[in-house]
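Notes to accompany the following structure.
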Amino acid sequence: MSTITDTPFTQNNAPSAQELVARATALLPMLREKAASVEANRMVSKETIQAFVEAGFFKILQEKRWGGWELDPSVFWRVLMELGRGCPSSTWNMMILGVHQWEFGHMDPRAAEDVWGQDNSVIVASSYGPTGQCEKVEGGYKLSGQWKCSSGTDHGQWAFVGGLVRDENGVAVDRIALLVPRTDYKIIDDWYVFGLAGTGSKSLEMHDVFVPAHRTHSLSAYQLNDRPSSYLHPFGTIFCGSVSAALVGFAQGAIDTYVEQMSTRTLSANVNMKAANVNPAVGDRLGHAVAKVRSCRARLLHLMTESAEHVYRRELVPEDMRLGHILDISRVGNECSEAVLKLFPALGARGLYSDNPMQRFLRDILAGSNHMTQNIDDSAGFTGARLLGTALPPTAYGIQRKPATDKR
C-alpha cells in the first residue's frame, strides 16, 4: 500500500469543462431510454454508473494524487445540469456519489488512503442527516442506529454518515461526517417513494461501530489550511449547490420534453384543431419556465465565480458572502419546481400517462426540492438574523456566532 506522502496513481491531463459537458450530452439518449426502468427497479443500473466512470465524471473533483483532475466544482455542476436533462434519478446518484471526491480534500489524508489506497475508483455513498446515535469515545466516535436516504448506496463500498457533537450539557456544538466501510453497516431496503424512486436511497443501519477520528471531519468548521485551492470552497456551498445544479438539469429536461411534445401537438379542444405551438398561452408558459431555469443556472454559476475569486487567492470566502450563497442555492428547488408546474397543465391529459416523461420530471423535481439543502425558510431566516445582528446556531454553515444587538 502507498503511503500518504506518495503519488500512487497516474496523473492524466484533465479534459476541458466543455469536453466534459459534451460527454454528458452524449449520454442523454441512453439516460432517457433507461429512465423508466431505473424508476421501476428503484435503483440506477451498474451499467449507468460504469458509463459515468468511463466518462471521467468521478475524477472531476478527485485530488490529483489519487488520479483525479482536481477541477473547480463549477465544472461538476455544469455536468450535472446537463445529465439532469436525461434521467433525474441517475443524475442524483452521480451528484451524491460524485461530490464525495471533493469532500476528501477536507479530511485527514489517511481517510482517502483507507478508501483509495488500492483502488482509486472506489465509490462512497452518504447519509448526512444526524439521525443515529453518535458518541465520542477515545480515539474517535461510536455509532448506532439508522441513517435514512443514502442515495445510490448499493454502488458504494463506504458511506459518510452525519453526527452531532455535543458539549457537557448535551447542546449540539458541531455537525460532523463520519466515514464507515461497507462491512460495518447493513442496507435496509425501505425506499418506496413517489419521486426520485430510482435513486435507491435506502437506509443504513449499524450497531456499536467505531470510527477513528481521522475518518471524520466537521461539516460546520471553515478554516484556512494547506489543502489545494479548489477545496477551499465552503463545504455547504459545494454540497448544497451540487443538489441545486442537478435540479436545474431536471427542470431543463422538462422544458426539453415540453418543446418536443408541444411543437407537434394540435389542440383537440379547439374546434379548428390549431397547432399548439401557435397558441400564445403555450408559448407564454414556456417563456416563463425558461426564465426561471435560466435565472437559477446563472445564479449558481455566478456564486461560484464569486467564491473562486477568494479561494484561488488562498483566502476564505467571507461569512456574509457564504450566507448569501446558501440563500441563493436553497431557492433553486422551489423556482425550478415552479417552472415545471407552469408547463405541466398545458400538456393536458397526455401529461398524466405513466409513459410520458413529463410526469416523471414533475414528480422527481418535487421530490428533489424536498431535500434539506432546498429549505428556503431556514436559509431566509438565517440571512435575516444575520442582517439584524441576532445569533445564528453554531452549526450554521461555518458562520461564527455574533452576539445579538439591541437596536432600540
*With sequence neighbours excluded, residues passing salt bridge (charged side-chain N to carboxylate O under 4.0 Å, His left out) with K342*: none
*side chain to side chain contact (heavy atoms under 4.5 Å, CB included) partners for A177, two or more places apart*: E103, Y128, F160, H217, L219
Which pairs would a plain distance check flag for residues 236-250, meaning a side-chain donor or acceptor within less than 3.5 Å of a matching protein atom at least two apart in sequence or in another chain?
{"residue": "S242", "atom": "OG", "partner": "W77", "partner atom": "NE1", "Å": "3.1"}
{"residue": "S242", "atom": "OG", "partner": "I238", "partner atom": "O", "Å": "2.7"}
{"residue": "S244", "atom": "OG", "partner": "I329", "partner atom": "O", "Å": "2.8"}
{"residue": "S244", "atom": "OG", "partner": "Q374", "partner atom": "NE2", "Å": "3.0"}

*asked:* If the condition is side chain to side chain contact (heavy atoms under 4.5 Å, CB included), which residues does N370 pass it with, not counting sequence neighbours?
replied: none
*Distance, nearest 0.5 Å, that separates CD of Q101 from CD1 of I60*: 9.5 Å
*Tell me, please, which residues at least two apart from R297 pass salt bridge (charged side-chain N to carboxylate O under 4.0 Å, His left out).*
none
*Any luck finding a side-chain donor-acceptor pair between H214 and D114 under 3.5 Å?*
yes
*Which residues pass the side chain to side chain contact (heavy atoms under 4.5 Å, CB included) test with Y312, sequence neighbours left out?*
D72, S229, S230, H233, A308
_P181 side chain near R215 side chain, heavy-atom distance below 4.5 Å_ = yes
*With sequence neighbours left out, what residues match E19 under salt bridge (charged side-chain N to carboxylate O under 4.0 Å, His left out)?*
R23
*Under 6.0 Å between ring centres, would you say that holds for F104 and W116?*
yes
*Are K34 and E39 close enough for a salt bridge, meaning some N to O gap below 4.0 Å?*
no
*Who pairs with A298 by side chain to side chain contact (heavy atoms under 4.5 Å, CB included), at least two apart in sequence or on another chain?*
none
*How would you list, by chain and number, every residue that makes a salt bridge (charged side-chain N to carboxylate O under 4.0 Å, His left out) with R313, sequence neighbours excluded?*
E315
*asked:* Show every salt bridge (charged side-chain N to carboxylate O under 4.0 Å, His left out) that has at least one partner inside residues 223-244, sequence neighbours left out.
replied: none
_Pairwise side chain to side chain donor-acceptor pair (under 3.5 Å) hits with a residue in residues 130-144, at least two apart_ = S144-D208
*Inter- and intrachain pairs under salt bridge (charged side-chain N to carboxylate O under 4.0 Å, His left out), touching residues 82-97, at least two apart*: E82-R85, R85-D256
